[in-house]
Amino acid sequence: MPPNPLVLGVETSCDDTACAVVDGEGRVISTVVSSQLAVHRPFGGVVPEMASREHLRNWPAVSREALETAGVELGEVDLIAATRGPGLIGALLVGLSLGKAMAYGLDKPFCAIHHLEGHLYSPFLGTAGEPADSPPAGFLGLVVSGGHTTLFEVDGEETRTLAETRDDAMGEVFDKVGKRLGLPYPQGPVVDELAESGNPSRSPLPVARCSDRSLDFSYSGLKSQTLVEIERLERQGVDTDLGAVADGEMPSPVLDLIAGFRAAAVAQILDRLERLHRRQPIELLAVSGGVAANRLLRRELVDWAASRSVELRLVPLVYAGDNAAMIAHAALIRHRRGLVDDPLVADAASRIPL
Ligand code: KG4
Ligand code: ZN
């Protein structure tokens, strides 16, 4: 392996076809994410079988663009990495099989990466051609996405789950509430943007707790309460079909409800962090995943961390959602530790613990 190896990452765990080239210092040389939004949007969510087929269709152009932008030939790549799970099994199989085939065919080392490991280390990626920062031996990782709401304690090569959602993931409830309001998929970013114009104190919702001792998350209660409130507004004659309403004419009771929903969802994250911090002071908190793009969550985390002298690493917005740079970067970290996988053996799994 050369001193500055080139890593090719492949990510196809859900509905984004992604390929990236990262160098030995974790610098992102190229990153391409091809969204399948237009394909899934008419169905209001991801259709698994269509996602697999779209990955196959998109891969040639996506990989070509990633290599051309990086200015490298496939044969010049030193390490190949692909997501092995969790995710949609058919979608995972496409990217993992491509990664395994390239590694085997080119006789290059291969890393099969856990999707959450990619997110977990993504706050250390640099932007604008900067190298990645080396993750410290110990830190607390919060991954908030469409499938996960998990707190990890990283201690060297050990990663322990401290808390996770007992029901829905945070991004999932943003999507479901948005879908009920007639918004297009993915609803999370739209709900976040609309919440900026609402007043949360006019529609407060309670912050869920599993028990005084548990740090686990729970979002299904908040989802149900929000759906009940939407019905209440409809009974009062308020038009809640936001998909059909022009910008600037959104009914303010709905915007207030959305703002109240977002405030309660974010407050739950801060509640768990505060309780954990009181038990064992957090030194460094690294926050990642699609929901780490949430405006209120970012603002609240910055304030909270500053007032508690916690070092905060928020994933750069470009790497919050699914991407292959985080997969290549996680592979680089694994490879430095001497961990590689046999491309003839590595297998995909829709559910796997980290
Ligand atoms: O990490 P990600 O791209 O895919 C998964 O691994 O799940 O996260 C996607 C999720 C979706 O549920 C999406 O609606 C949500 O992240 N999301 C947001 C925001 N941006 C993306 N949720 C709330 N606020 C946002 N700004
Ligand atoms: Zn993800």
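This structure is a prediction, so every number in the text was calculated from the model and none was measured. Counting starts at 1 for both ligands and their atoms, following the listed order.
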Name whichever N, O or S atom of Asp322 ends up nearest to the Zn ion (ligand 2).
OD1
Going through the checks in order, is the salt bridge (Lys or Arg N to Asp or Glu O under 4.0 Å) test met by Glu117 and Arg334?
CA-CA 10 Å; Glu117 197 172 347; Arg334 280 181 83 76; 3.5 Å; yes
For Val22 and Ala328, which heavy atoms make the closest approach, and how far apart are they?
CG2-CB, 3.7 Å
Just to confirm my output: which protein heavy-atom neighbour is closest to atom 11 (C) of ligand 1, and how far is it?
Asp175 OD2, 3.5 Å
Report, as yes or no, whether the 6.0 Å neighbourhood of atom CD on Gln236 holds more than 12 heavy atoms from other residues, nucleotides or ligands.
yes
Between Phe174 and ligand 1, does any nitrogen or oxygen pair lie at a separation below 3.5 Å?
no
How about Asp107: does its CG atom have over 12 heavy atoms from other parts shown lying under 6.0 Å from it?
no
Here the pair of heavy atoms bringing Gln36 nearest to Asp15 is CG-O, 2.9 Å
Is it true that atom CZ of Arg213 has more than 12 heavy atoms of other residues, nucleotides or ligands lying nearer than 6.0 Å?
no
Enumerated ligand 1 atoms positioned under 4.0 Å from heavy atoms of Ala293
26 (N)
Within the structure, does Pro186 bring an N/O atom to less than 3.5 angstrom of an N/O atom in ligand 1?
no
Touching ligand 1 at all, Glu193? Heavy atoms, strictly under 4.0 Å?
no
Quick one: look up the protein heavy atom nearest atom 2 (P) of ligand 1 and list residue, atom name and how far away it is.
Asp322 OD1, 3.4 Å
Pull out every atom of ligand 1 sitting under 4.0 Å from any heavy atom of Asp192, numbered as shown with elements.
24 (N), 25 (C), 26 (N)
Considering non-hydrogen atoms of the protein only, which is the closest contact for atom 23 (C) of ligand 1, and what is the distance?
Asn294 ND2, 3.4 Å
Out of Gly147, Ala292, Ala320, Gly290, who is nearest to atom 17 (N) of ligand 1 when you count heavy atoms only?
Gly290
Please confirm if an N, O or S atom belonging to His119, backbone or side chain, lies less than 2.8 Å from the Zn ion (ligand 2).
yes
Can you sort out which atoms of ligand 1 are near Gly321, meaning under 4.0 Å from one of its heavy atoms?
3 (O)
What is the name of the N/O/S atom in His115 that sits closest to the Zn ion (ligand 2)?
NE2
Does ligand 1 have any atom sitting under 4.0 Å from a heavy atom of His119?
yes
Within the stated cut-off of 2.8 Å, is an N/O/S atom of His148 closer than that to the Zn ion (ligand 2)?
no
How far is atom 9 (C) of ligand 1 from its nearest protein heavy atom, and which residue and atom name does that atom have?
Gly146 N, 3.8 Å
Does a salt bridge link Arg84 with Asp347, judged by any charged N lying under 4.0 Å from a carboxylate O?
no
More than 12 non-hydrogen atoms from neighbouring residues, nucleotides or ligands closer than 6.0 Å to CZ on Arg337, yes or no?
yes
Please find the pair of heavy atoms, one from Pro123 and one from Ala286, that lie closest to each other, and give the distance.
CG-CB, 3.8 Å
In terms of atom number and element, which parts of ligand 1 are under 4.0 angstrom from non-hydrogen atoms of Gly171?
12 (O)
Determine whether more than 12 heavy atoms belonging to other residues, nucleotides or ligands lie under 6.0 Å from atom CD of Glu283.
no
Taking 4.0 Å as the limit for heavy-atom contacts, which would you say applies to His115 with ligand 1: side chain only, backbone only, both, or neither?
side chain
Just checking Glu193: does its CD atom have more than 12 heavy atoms from other residues, nucleotides or ligands closer to it than 6.0 angstrom?
no
Ligand 1 contact by Pro189, heavy-atom criterion under 4.0 angstrom:
yes
